[in-house]
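Here is the structure we will look at.
Just so you know, ligand 1 is whichever comes first in the structure, and atom 1 is the first atom listed for that ligand.
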Amino acid sequence: MPDAWAPDRATVSFWERQLPARTRRAPLPGDARVDVCIVGGGFTGLWAAYYLASAAPGLRIMVVDARYCGYGASGRNGGWASNFIAGSRRTYAAAAGREATIALQREMDASVAEIVRVADTERIDADIVTGGVLTVARWRSQWDRLQEQVEAAEAWGEQDLELLNADELSRRLRVSDALGGSWSPHCARIDPAKLVRGLADRVESLGVQVHEETPVTGVGEHLVETTHGRIRAEHIVVATEGFLARMHGHRRRTLPMNSSMIVTDRLPDRVWDGIGWAGAELLGDAAHVYFYAQRTADDRIALGGRGNPYRYGSRVDTDGRTPRSTVASLRAQLVDCFPALRDVGVADAWSGVLGVPRDWCSSVVQNTSTGVITAGGYVGHGVTAANLAGRTIRDLVLGADTELLRMPWVGHRVRSWEPEPLRWLGVHGMYAAYRAADGWERRTGRGTSLLAAAANRVAGR
Ligand SMILES: Cc1cc2nc3c(=O)[nH]c(=O)nc-3n(C[C@H](O)[C@H](O)[C@H](O)COP(=O)(O)OP(=O)(O)OC[C@H]3O[C@@H](n4cnc5c(N)ncnc54)[C@H](O)[C@@H]3O)c2cc1C
């Protein structure tokens, strides 16, 4: 029996496998000259193309992707369009000030609504429901941390967060042993593959040239080199996120972190009667190695977590293949939360990579002399951040003087990751410490373990 869960079709996630198969767009036919060349057809690249083409219809814009639009994390993720900001707010504030960091939170809140608005206006059906996000606490340390997090979040400008006791939580959703939770309205459930596919179609209809199966081999001053020709461009947007480490000269810039998901068979009404979850809230927990989940539009549970977090030497992707051991551990997590699902079937499993900068903070950085803008490093919170990045890139390209350009992540510089084997040891050590801390805290019923506090230093928390 193979040791990896690997569907035999050329698709990378359950979401994609639900959609009709489609023909790839033609690769770049040869050398080209455009105003803006966008490398990567995920949410970052496509939102940038969408806002640029909408604001400046005369601009010649091209998107090139090594595989196809939605091949990366954008077509594989957990479908949380949340207002979460990657990294520590203190890090952004140290560079850009407290007010700018609070403003970033407000922009993230508004960006959730902006995604919903555009999907609505452009008639992109992506099963979107704005039901907010629930974070559950299942043992004492989680509950303590959750209360601290809610207080801290409010102090940093996060609005409308509610702390729920066990009774209030159970009126929304019944997770085994839950002591309580928090709820924020600023989160929408999406089907990521439907959104990214719909966005790519819309961008193309706005006149953007989209070429798939066109790997970029190098990016230089106003020049993009691909396997199919050279593209000269006034502006270049590098939007390859977790794949950035694969590009020449960027191996230590962003760490490609793995995340894996499973999805159950459809659950019958009698199971939902026991669980609740009528509001389509996104669901996570306050563990150090946390899970993330959604109730899908067709009544399954899709649940994700870290699996094997990092492959030696920043190796990035195996077309979504997922080790059986990871599928088993995600299933165990699901049944631990919902014991009634002990016999449920796993219908599908997949994995993907996301980008982690050394300080765990996202950035949008423009080099005016080379014309290159790089955006990403969202650390697993990129669905909404990519929308904000897209509008920020629009303003950078058009030279507009807007509030978005004053956000603390614009121009945010980060040092490189350590060389191997330090990088591998650091990340695996951090996750081993977090797992041990979760186990100890649950067993003992005590507060946050010192091990977790040490791991937080690697994680920049
Ligand atoms: C399993 C999983 C679950 C996640 N869940 C969530 C979630 O619920 N909520 C959330 O906010 N975030 C989540 N994330 C993170 C989120 O999906 C990403 O942050 C976001 O999609 C990044 O979008 P992007 O466009 O920057 O990158 P990607 O979507 O990764 O797109 C990059 C594109 O670049 C292309 N590319 C790469 N190299 C080259 C090259 N050399 N030449 C040309 N093209 C190239 C790729 O083919 C790809 O299409 C998750 C990630 C994973 C993997």
Side-chain angles (χ1 to χ4, degrees), residues 12-15 27-28 37-49 63-86 108 111-112 115 133 187-190 192-193 195-196 199-200 211-219 224-228 237-248 250 254 256-262 282-284 291-294 302-307 316-317 319-320 322 326 330 349-356 362 364 374-387 389-390 393:
V12 288
S13 71
F14 163 79
W15 313 115
L28 183 72
C37 175
I38 298 172
V39 182
F43 283 136
T44 303
L46 293 172
W47 280 122
V63 175
V64 284
D65 197 287
R67 300 292 292 275
Y68 55 90
C69 294
Y71 170 80
S74 299
R76 311 186 197 192
N77 62 66
W80 290 40
S82 77
N83 67 343
F84 294 4
I85 295 173
M108 285 296 291
S111 298
V112 177
I115 292 173
V133 55
C187 192
R189 183 213 52 203
I190 63 161
L195 184 60
V196 76
L199 196 56
H211 293 293
E212 299 183 329
E213 306 287 0
T214 305
V216 167
T217 51
V219 171
V224 174
E225 306 215 41
T226 81
T227 49
H228 287 67
V237 178
V238 177
T240 55
E241 239 264 309
F243 299 90
L244 187 64
R246 230 169 29 180
M247 288 177 82
H248 183 66
H250 295 287
T254 303
M257 184 78 81
N258 193 64
S259 199
S260 301
M261 296 199 69
I262 58 168
L282 286 308
L283 172 68
F291 71 84
Y292 51 91
Q294 69 153 273
L303 178 141
R306 274 291 170 264
V316 290
D317 192 55
D319 290 342
T322 304
T326 301
L330 291 174
W350 67 101
S351 298
V353 285
L354 45 101
V356 181
S362 320
V364 183
T374 308
Y378 309 121
V379 196
H381 303 310
V383 170
T384 306
N387 174 278
I393 292 165

Non-hydrogen atom of [X] closer than 4.0 Å to ligand 1:
X      : value
Gly376 : no
Gly79  : yes
Gly304 : no

Sub-4.0 Å atoms of ligand 1 with respect to non-hydrogen atoms of [X]:
X      : result
Gly78  : 3 (C), 4 (C), 5 (N), 6 (C), 7 (C), 8 (O)
Val383 : 9 (N), 10 (C), 11 (O), 12 (N)
Ala66  : 39 (C), 40 (C), 42 (N), 43 (C), 44 (N), 45 (C)
Val39  : 42 (N), 43 (C)
His381 : 10 (C), 11 (O), 12 (N)
Tyr68  : 49 (O)
Gly40  : 33 (C), 34 (O), 35 (C)

Which bit of Tyr378 gets closer than 4.0 Å to ligand 1, counting heavy atoms only: side chain, backbone, both or neither?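 Looking at Tyr378 and ligand 1, just side chain atoms fall under 4.0 Å.
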How does Ser82 reach ligand 1, if at all, at less than 4.0 Å between non-hydrogen atoms: by side chain, backbone, both, or neither? neither
Specify the protein heavy atom at minimum distance from [atom]: its residue, its atom name, and the distance to 0.1 Å.
atom                    : result
atom 36 (N) of ligand 1 : Thr240 CG2, 3.8 Å
atom 21 (O) of ligand 1 : Ser74 OG, 2.9 Å
atom 40 (C) of ligand 1 : Val216 N, 3.7 Å
atom 48 (C) of ligand 1 : Asp65 OD2, 3.4 Å
atom 27 (O) of ligand 1 : Glu241 CB, 3.4 Å

Check: [X] N/O within less than 3.5 Å of ligand 1 N/O:
X      : value
Gly380 : yes
Ala73  : yes
Gly382 : yes
Ser260 : no
Trp80  : yes

For [atom], the option (of [options]) bearing the nearest heavy atom:
atom                    : options                        : value
atom 50 (C) of ligand 1 : Val12, Asn77, Leu244           : Asn77
atom 52 (C) of ligand 1 : Leu354, Val379, Thr214         : Leu354
atom 32 (C) of ligand 1 : Cys187, Ala239, Ser362, Ala293 : Ala239

Taking the six-membered ring for Trp, are Trp350 and Phe14 parallel (under 30°), tilted (30 to 60°) or perpendicular (over 60°)?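 The arrangement is parallel - the two ring planes meet at less than 30°.
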